[in-house]
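Within every chain, numbering begins at 1; the chains are lettered A, B, ... in the order of the sequence lines, protein sequences first and strands thereafter.
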Amino acid sequence: MDTLFDLPADPPARAARPGTADLLEDLNPAQREAVTHAGGPLLVVAGAGSGKTRVLTRRIAYLLAERGVHPGEIMAITFTNKAAAEMRERVAALVGKRANAMWVSTFHSMCVRILRREAKTLDMSSSFSIYDSDDTKRLITLVARDLDVDPKKYAARTLAVHISNLKNELVDPEEAASKAANDLERRVAEVYAEYQRRLSSANAFDFDDLIMQTVSLLQAFPDVAEYYRRRFRHVLVDEYQDTNHAQYTLVRALAGTEATDTGIEPAELCVVGDADQSIYAFRGATIRNIEEFERDFPNAHTILLEQNYRSTQTILSAANAVIARNPNRRAKRLWTDSGDGEKIVGYVSDNDHDEAAFVAGEIDSLAERGEADYSDVAVFYRTNNQSRVFEEIFIRLGLPYKVVGGVRFYERREVRDMIAYLRVLANPDDTVSLRRILNVPKRGIGDRAEAVVATHAERERISFWAALRDAVEDKVPLLNPRSAKAITGFVTLLDELQEMASSGTEVHDLLEAVLERTGYRAELEESDDPQDASRVENLTELVTVAREFAEFTAEVTNDENAELVLDDGVPAPGSLPAFLERVSLVADADSIPSPDGGEEGDGGAGVVTLMTVHTAKGLEYPVVFCTGWEDGVFPHMRALGDPAELAEERRLAYVAITRARQRLYVSRALTRSAWGQPQMNPASRFLDELPPDLVDWRRLEPSSPGFGNFGSSSGSSSGPRAATTWGRRSSSSTSSSSPFGKAWKDTVALKLDVGDRVSHDKYGLGTVISCDGVGPRATATIDFGASGKVRLMLIGSVPMVKL
DNA sequence: AAGCAGACTATTTTT
DNA sequence: TAGTCTGCTT
């Protein structure tokens, strides 16, 4: 929860702030150069653990202290609120309250601020809603349905992804339509156009719009651009490798690349990033931006930070070895002067259950030996569903833990329902939110009634809300009286709530009123589903969040010493719009346990943290367990066939390894249950890429004669693979207690030769093109004609027969 | 309009 | 396995 409120934190009281000399003294030469560089665009290539944040914050402090820059001239952009908060805090510790006049924010909140201020220019109201991916998907579903798009052929999700990609590339609907080359793209363009119309009539922007619309604003209105250009003379961007094309363009537009007609020089630009840690390509991030920085910004200067202050040399060497396998990368080798440290510990378990037991046992003995507190330990996995086994085992053993990520607070249904109510109160045109709550809780307004009202709204060219009002006055044709009555009740309810909202009722009281008067809480309380009990708790939590929000902002506002900068574009502190903005733009309510032993009374040892590798980016732990290193799990199955995706998986592995400070564990399981059925996976190729002398294998795969040895992943073929599936084993033959060899019995289900014809349950008829490997590693590449060429493992019960 | 049973489908996710 | 969606019944 704390990320909601830690943005404008006051700096800790300091007797004396560091003087200028101190600002540079404890920096290495490269860091120092990055801090003091003046003039042209600067790219700081900051390897993992190389003191990136330190460089950024010192640079800002140095600008203020040494170069006479006013804080108001500084714009620092990050990707997460957490990063923004940390930067603000650390700068404040160096320079004090002057830090409050800087813009330190995420791309998105920066854009919201600009858009609120300039909303009129774009023909929007400044009370616009911000749609997240869930709202977006809902609206796209509605649009697709209205346009008769076959949901079987093109799922809303697919459409949403494509539209998002277009926006990330700054392609508007017209351009999308003209460039559409196939049926899918034509449909997407069609939906895109209508979707934008609906967004704008709902007075809403989606996440991608926040960026894209700000770019068009700056490009279409030079005077607006000039205002910001004049104002921000220093633009700093963190995690530059994660920027997409739209964000890149935004940075360019903001900083400028040449002097304006009115003689304003480009702002001084400083970007920091590491191409090797780019793990968000699937969301549009382009590694190109950092790779081509020097081309994009002539006379740019580049500084490489390679000295690492986090990990042992063993860990760094492992990381270097893995990432070195990625093609076309700028050479970079992390090093440290703090010694080799412990060897990496490797472990091969029979199944996922045993892997978790190994991890738990190891954590226990580390704790017992006093070599680590629980809070020093993190367990990483590739996908969220892998957390379950760990939870089971940890609970059984009484090991305190916390899972980070998964379904987040603000994504829970009940919370979103309440937010939808609030949004409607702030912006009645917000049709997506309005339709969400129309019949929640159930009040007798069904699909049919909703459709009739929607049609009426469409025909009369009025908003859905106005159409509901028409329903009250019996002006909607085809609406049956029962529904009209139900709608009347709903409209009356909303009117009352709106009255409360506009008369300045505080957000938490408003929430309480919604919970009571809608009967939402009552419904949950009456239910005997245990899930509903936790929903009630979440709602109570939400009210608490709202109350703290009000109190916190009141505190900040009343602090006379605080140099609060309230430009246009910032909603009144504590107000409903302010709350909604915070909620929309802060995703992670679940906090990551703090390393200092953390939560209340855990005996000081804290808790073990469990999370995906993606979530782990930017964090560090003394002890790290990298689990599930199996081909098909990590790297993920969907990445196996595509070199670009495989390279991203490798960067992910690199990120995972470099989170560790002192001890690194890597493990894999021979079988793993997924979707109910146990699955066999070969070793991750990344394990083979670890230098063997750095790894102490505690347990290896039992080798049987003729079955090949562990680690010889022969399948490094780069041949075309449309898809890869792994054989299923019958569930009866696997149990954690069964002796080892047993798992291999009758594993070769099919003996195939080139030219054989086969029939596969999923892919149909095919011809064997090639065969590879023996025993459990036996695979065949099969041409299934229209279903493509597929490489299959022949172990276990392959759903395939030889003809 | 609402509730239930069977079908379907499964990454990662800073905002 | 589990959560969501669809279509059928009441």
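Atom OH in A/Tyr381 sits roughly 9 Å away from atom P in B/dT13 (whole-Å rounding). What separates CG of A/Leu580 from C1' of B/dT15 is a distance of 16 Å, to the nearest Å. As a whole-Å value, the separation of A/Glu648 CD from B/dT13 C1' is 11 Å. Nucleotide C/dT1 holds its P atom 17 Å from the CZ atom of A/Arg672, rounded to whole Å. When rounded to the nearest whole Å, the span between CG of A/Asn81 and C1' of B/dT13 equals 15 Å. Separating the CZ atom of A/Arg413 from the C1' atom of C/dG3 is a distance of 11 Å, rounded to the nearest angstrom. Whole-Å rounding puts the A/Lys153 NZ to B/dC8 P distance at 20 Å. Rounded to whole angstrom, the span from the CD atom of A/Gln677 across to the C1' atom of C/dT1 amounts to 10 Å.
Base engagement by A/Tyr280 is indicated by at least one non-hydrogen atom pair under 4.0 Å involving a base atom.
Heavy-atom distances to DNA chain C give each of A/Lys152 and A/Arg388 a nearest nucleotide, and the one nearer the 5′ end belongs to A/Arg388. Projected onto DNA chain B by closest heavy-atom contact, A/Leu210 and A/His614 fall at different nucleotides, the more 5' of which corresponds to A/His614.
By the side-chain contact (heavy atoms from CB on, under 4.5 Å) test, A/Ser673 pairs with A/Asp352, sequence neighbours left out. Listed by chain and residue number, A/Lys52, A/Lys617 satisfy the salt bridge (charged side-chain N to carboxylate O under 4.0 Å, His left out) test with A/Glu239 (two or more places apart in sequence, or in another chain). Judged as a salt bridge (charged side-chain N to carboxylate O under 4.0 Å, His left out), and not counting sequence neighbours, the contacts of A/Glu620 are A/Arg310, A/Arg661. With sequence neighbours excluded, the residues forming a side-chain contact (heavy atoms from CB on, under 4.5 Å) with A/Val452 are A/Arg448, A/Val476, A/Leu478, A/Leu479, listed by chain and number. Contacts of A/Phe634 classified as ring-ring contact (aromatic ring centres under 6.0 Å, His included), with partners at least two apart in sequence or in another chain: A/Trp629, A/Phe686. Residues forming a side-chain contact (heavy atoms from CB on, under 4.5 Å) with A/Thr488 (at least two apart in sequence, or on another chain): A/Val472, A/Thr492. A/Tyr240 meets the side chain to side chain donor-acceptor pair (under 3.5 Å) test with no other residue; sequence neighbours excluded.
Counting heavy atoms of neighbouring residues, nucleotides and ligands inside a 6.0 Å radius, atom CG of A/Asp529 exceeds 12 of them.
Distances shorter than 4.0 Å separate some side-chain N or O of A/Thr615 from OP1 or OP2 on B/dT13. A/Thr612 has a side-chain polar atom (N or O) that falls below the 4.0 Å cut-off from OP1 or OP2 of B/dT13.
Remark: A/Arg638 fails to qualify as a cation-pi partner of A/Phe282 under the 6.0 Å distance and 45° angle criteria applied to the six-membered ring.
Regarding the sugar-base torsion, B/dT11 falls in the syn class, its angle being within 90° of 0.
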Quick test: give all pairs of protein nitrogen or oxygen and nucleotides 1-3 of chain B nitrogen or oxygen below 3.5 Å, distance rounded to 0.1 Å.
unit_1, atom_1, unit_2, atom_2, d
B/dA1, OP1, A/Gly446, N, 2.8
B/dA1, OP2, A/Arg448, N, 3.4
B/dA2, OP1, A/Gly444, N, 3.3
B/dA2, OP2, A/Asn439, ND2, 3.1

Under 3.5 Å, N/O pairs linking protein and nucleotides 9-11 of chain B:
unit_1, atom_1, unit_2, atom_2, d
B/dT11, O4', A/His636, NE2, 3.3
B/dT11, O4, A/Glu645, OE1, 3.2

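Listed here is the closest heavy atom pair of A/Gln277 and A/Gln241: O-NE2, 3.9 Å.
For B/dT12, the base has no donor-acceptor partner in the side chain of A/Arg283 [N/O atoms by modelled type, under 3.5 angstrom].
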